[in-house]
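To keep things clear, I will list the structure first and then write my remarks on it.
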Amino acid sequence: KFKEMVNKYVVDNIPPQYILNKTFFFNYDFYVDNGCFIPRPETEQLVEETIYRIDELYGSKHIKIADVCCGSGAIGITLKKEIENCDVYMCELSADAVNITKKNAKNLNADVTVDCGDFITPILQKKLKFDVLICNPPYIKNSEKLSSLVVDNEPNMALFGGEDGLDFYRIMFDHFDEILNEKGFMGFEFGYDQKEDLEKLVVKSFPNYKYEFLKDYNHLDRMLFIYKN
């Protein structure tokens, strides 16, 4: 059986996580298959930094959190497990990924709400508002060449974000005030080489809001937080 799995990786070029149907995220055991994007270590740090900010800004207050483009559900489910007093809403376009998220929520005993819909459309249609919104959107440039291990296996809709990779950020920024409560923040992951272009977009969209960029453990620009009031 071990040799079969090695052959799937070496010969068939299938990621180990899909072969095992398992990946570890924030010490939790998540089911994954080729219906969802495989969570990366960089996203663990986004969750970690989000938890720090929730603790600092809200303490024990009950809050509402959204995880958009939730994929396997790693971000939202982890936040539900780690934050004592919160409601977590998650949405995802892929029906396969939604089913995977629901499976992970059940396996990890996480009471979350999961919707299937195009990006933030379900949120806008239901006129939902949140204290915290976290998003790891597709942010790879359409023209960028990726490893065959990634592009031939993982859902391409979870990878590519337009000509400059920033299409999903533009949509989110346009609806920022509409989605966040009077006081709140959004957190995003982005590509290591996108800070300059993304910061121009942030400055133009939010002249009166505080924002910060953070580096990951590899000292690469990777996270953005924007604060409302």
Side-chain angles (χ1 to χ4, degrees), residues 4-26 30-49 67-78 90-101 104 116 118-120 134-173 187-202 213-224:
E4 288 175 3
M5 290 192 291
V6 170
N7 281 333
K8 283 183 180 180
Y9 175 56
V10 176
V11 179
D12 299 334
N13 199 39
I14 298 174
Q17 295 92 334
Y18 288 164
I19 297 170
L20 297 169
N21 291 130
K22 180 186 295 188
T23 193
F24 292 99
F25 186 90
F26 227 82
F30 281 86
Y31 172 90
V32 291
D33 62 32
N34 60 7
C36 72
F37 181 74
I38 299 169
R40 284 359 187 225
E42 293 84 359
T43 309
E44 287 183 299
Q45 191 174 353
L46 175 66
V47 171
E48 181 181 5
E49 295 291 347
D67 172 13
V68 180
C69 300
C70 68
S72 65
I75 294 176
I77 291 172
T78 300
M90 311 167 73
C91 58
E92 163 65 50
L93 176 57
S94 165
D96 289 338
V98 166
N99 289 332
I100 293 169
T101 293
N104 282 321
C116 187
D118 188 2
F119 196 37
I120 57 172
I134 304 300
C135 184
N136 179 19
Y139 55 70
I140 297 170
K141 298 174 185 176
N142 289 350
S143 60
E144 192 165 329
K145 302 299 181 184
L146 301 177
S147 159
S148 62
L149 186 68
V150 174
V151 77
D152 291 345
N153 289 283
E154 300 190 66
N156 281 204
M157 63 183 290
L159 300 172
F160 298 102
E163 187 175 337
D164 62 357
L166 302 180
D167 284 359
F168 288 89
Y169 302 93
R170 292 187 180 90
I171 297 170
M172 188 66 77
F173 292 176
F188 302 93
E189 184 177 319
F190 61 90
Y192 70 92
D193 59 349
Q194 292 176 314
K195 179 188 174 184
E196 185 177 345
D197 290 336
L198 190 54
E199 188 162 20
K200 290 177 183 176
L201 195 58
V202 172
F213 285 92
L214 300 178
K215 294 182 183 295
D216 63 18
Y217 292 127
N218 294 314
H219 305 292
L220 298 172
D221 294 308
R222 184 67 73 171
M223 291 160 281
L224 165 66

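The analysis underlying the following values was restricted to heavy atoms, covering all of them including side chains, and did not include hydrogens, waters or symmetry mates.
Formation of a donor-acceptor pair under 3.5 Å by the E154 side chain with backbone atoms of I38 is found in this model. N156 places a side-chain N or O within donor-acceptor distance of the main-chain N or O of V151, the cut-off being under 3.5 Å. Looking at N153, its side chain does come within 3.5 Å of a backbone N or O of N13 through a donor-acceptor pair. With hydrogens and angles ignored, the 3.5 Å screen pairs a side-chain donor or acceptor of D216 with a backbone N or O of L220. A donor-acceptor pair under 3.5 Å links the side-chain atoms of Q45 to the main chain of K215, judged by distance alone. Remark: the backbone N or O of G76 is paired with a side-chain donor or acceptor of D67 at under 3.5 angstrom. Proximity of a side-chain donor or acceptor of D152 to a complementary backbone N or O of L149 within less than 3.5 Å is not detected. Checked by atom type and distance alone, the side chain of E44 pairs as donor or acceptor with a backbone atom of F26 at under 3.5 Å.
At a threshold of 4.5 Å between non-hydrogen side-chain atoms, the residues I77 and M90 count as touching. By the 4.5 Å heavy-atom criterion applied to side chains, D221 and E196 are not counted as neighbours. Within the 4.5 Å cutoff, side-chain heavy atoms of P39 are placed close to those of V32. A heavy-atom distance below 4.5 Å is found between the side chains of R170 and D164. Side-chain atoms of E92 and T101, non-hydrogen and from C-beta on, never get closer than 4.5 Å to each other. Using a 4.5 Å heavy-atom cutoff, the side chains of F119 and C69 are in contact. In this structure, the side chains of Y139 and L198 stay at 4.5 Å or more apart for every pair of heavy atoms. Side-chain contact between N104 and I100: present, with at least one pair of heavy atoms (C-beta onward) separated by less than 4.5 Å.
One distance of note links SG of C70 with CZ of F37; it measures 13.5 Å at 0.5 Å rounding. Atom-to-atom distance recorded for K195:NZ and L224:CG is 10.0 Å, nearest 0.5 angstrom. For the atom pair I19 CD1 and D12 CG, the distance stands at 8.0 Å (nearest 0.5 Å). Put simply, CG on D167 and CG on N142 are 7.5 Å apart, with the number rounded to the nearest 0.5 Å. Summarising the geometry, atom CG belonging to D197 is positioned 7.0 Å from atom NZ belonging to K141; distances are rounded to the nearest 0.5 Å. To the nearest 0.5 Å, the span separating NZ on K8 from CG on L20 amounts to 9.5 Å.
The nearest pair of heavy atoms linking Y18 to C36 is OH-O, 2.5 Å. S72 and F30 make their closest contact through O-CD2, 4.2 Å (heavy atoms, listed as atom of the first residue, atom of the second, distance).
Proximity of the aromatic rings of Y169 and F190 is defined here by a centroid distance below 6.0 angstrom, and this criterion is not met.
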Under the side-chain contact (heavy atoms from CB on, under 4.5 Å) criterion, do F188 and M172 qualify, and how do the steps go? CA-CA 10 Å; F188 302 93; M172 188 66 77; 3.5 Å; yes

